[in-house]
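Reading through the structure tokens given below for one structure.
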Amino acid sequence: NAGVTQTPKFQVLKTGQSMTLQCAQDMNHNSMYWYRQDPGMGLRLIYYSASEGTTDKGEVPNGYNVSRLNKREFSLRLESAAPSQTSVYFCASSVQDRGTGELFFGEGSRLTVL
Amino acid sequence: GQSLEQPSEVTAVEGAIVQINCTYQTSGFYGLSWYQQHDGGAPTFLSYNGLDGLEETGRFSSFLSRSDSYGYLLLQELQMKDSASYFCAVSWEYGNKLVFGAGTILRVKS
């Protein structure tokens, strides 16, 4: 079982460049999420999608956009990358946007912005 | 807003029991989750408490007191492979939009 798959796993960008992080899940989950994790810190929610066709902002949405392409796929776009966006990005999914507290995470995408 | 506090590091001996505490301040609290993350890896779900009391899953147990805004993760019969970071996270506003604590590094010594 693949679970949650993220691409790319590593990326180096220059300030001002744009890129899209891709995420796909094969568990037929309704809800999907994008988090970022900085050294020594917990995960912070960037955007989430409670169900196909809906997206909403999390704690730190500035500088990012998302697209819920279909039930399986949820992409994160950086329009003009900044060094402050250097981080590890995790995509996650859950059966639904319901209070079970259980998210399934991908392996992460490590982004460096120079 | 939401904020969580947990110890930054805990060290314990193989075979011992360790407790990782978590206190939180949040509006619209719905439940408390715990995640484990090994270096360079993905966070993995350990447990969830929606109601007060103890939840047990094998060697791991988790406790919640809503009136005290407090919970803990209890790890028994520690093994070397338990060395990892442990995060508490609160669910708020009836959803899985989790807010995470900064994490506790657990070091298990032989």
Side-chain angles (χ1 to χ4, degrees), chain A residues 1-7 9-10 21 23 25 27 29-51 54-61 66 74 87-110, chain B residues 1-9 20 22-24 26-51 55 57 60 62-64 66 71 73 84-105:
Chain A
N1 289 335
V4 179
T5 303
Q6 296 182 228
T7 56
K9 288 185 170 44
F10 299 93
L21 300 178
C23 175
Q25 52 90 10
M27 296 175 283
H29 285 174
N30 287 301
S31 302
M32 298 185 72
Y33 312 80
W34 276 105
Y35 282 88
R36 62 177 286 176
Q37 185 176 33
D38 301 303
M41 297 181 68
L43 295 96
R44 291 183 291 168
L45 182 63
I46 305 170
Y47 270 93
Y48 66 96
S49 172
S51 60
T54 69
T55 61
D56 210 343
K57 296 178 181 178
E59 302 169 75
V60 288
V66 291
F74 189 38
S87 189
V88 181
Y89 291 85
F90 287 98
C91 177
S93 69
S94 64
V95 174
Q96 54 192 350
D97 183 26
R98 198 66 60 86
T100 64
E102 183 174 11
L103 303 184
F104 295 81
F105 284 86
E107 291 298 315
S109 297
R110 284 148 182 82
Chain B
Q2 294 82 22
S3 67
L4 298 93
E5 287 193 17
Q6 52 182 127
S8 57
E9 276 193 39
I20 300 173
C22 176
T23 57
Y24 60 86
T26 183
S27 56
F29 175 84
Y30 199 79
L32 186 70
S33 302
W34 289 91
Y35 284 79
Q36 179 192 62
Q37 185 180 34
H38 287 99
D39 268 351
T44 56
F45 174 79
L46 292 176
S47 69
Y48 173 76
N49 293 75
L51 301 173
E55 293 284 340
T57 309
F60 294 2
S62 59
F63 172 83
L64 174 66
R66 297 170 74 106
L73 179 70
S85 293
Y86 292 83
F87 296 89
C88 58
V90 295
S91 306
W92 54 284
E93 293 184 356
Y94 188 65
N96 278 335
K97 299 176 290 294
L98 303 184
V99 175
F100 285 78
T104 298
I105 298 172

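Below, read A as the first sequence line, B as the second, and so on, with proteins coming before strands; counting in each chain starts at 1.
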So which of A:Arg110, A:Glu59, A:Gln37 has the biggest tally of heavy-atom pairs under 4.5 Å with chain B? A:Gln37
Would you give the length of the straight line joining atom CZ of B:Phe87 to atom CE of A:Met41, rounded to the nearest 0.5 angstrom? 10.5 Å
Identify the heavy atoms of B:Ala42 and A:Gly106 that sit nearest to each other, and give their distance. CB-O, 3.0 Å
Heavy-atom nearest pair, B:Leu98 first then A:Gly101, reads CD1-O, 3.8 Å
Determine the minimum heavy-atom distance between B:Lys97 and A:Tyr48, stating which atoms define it. CD-CZ, 2.8 Å
Can you see which heavy atom on A:Phe90 is nearest to which on B:Gln37, and at what distance? CZ-NE2, 3.6 Å
Select one option (side chain, backbone, both, neither) describing which atoms of A:Arg44 are under 4.5 Å from chain B's heavy atoms. neither
Bottom line for A:Tyr35: the part with an atom under 4.5 Å from chain B's heavy atoms is side chain
Under 4.5 Å heavy-atom distance to chain B, tell me which part of A:Leu45 shows up: side chain, backbone, both or neither. side chain
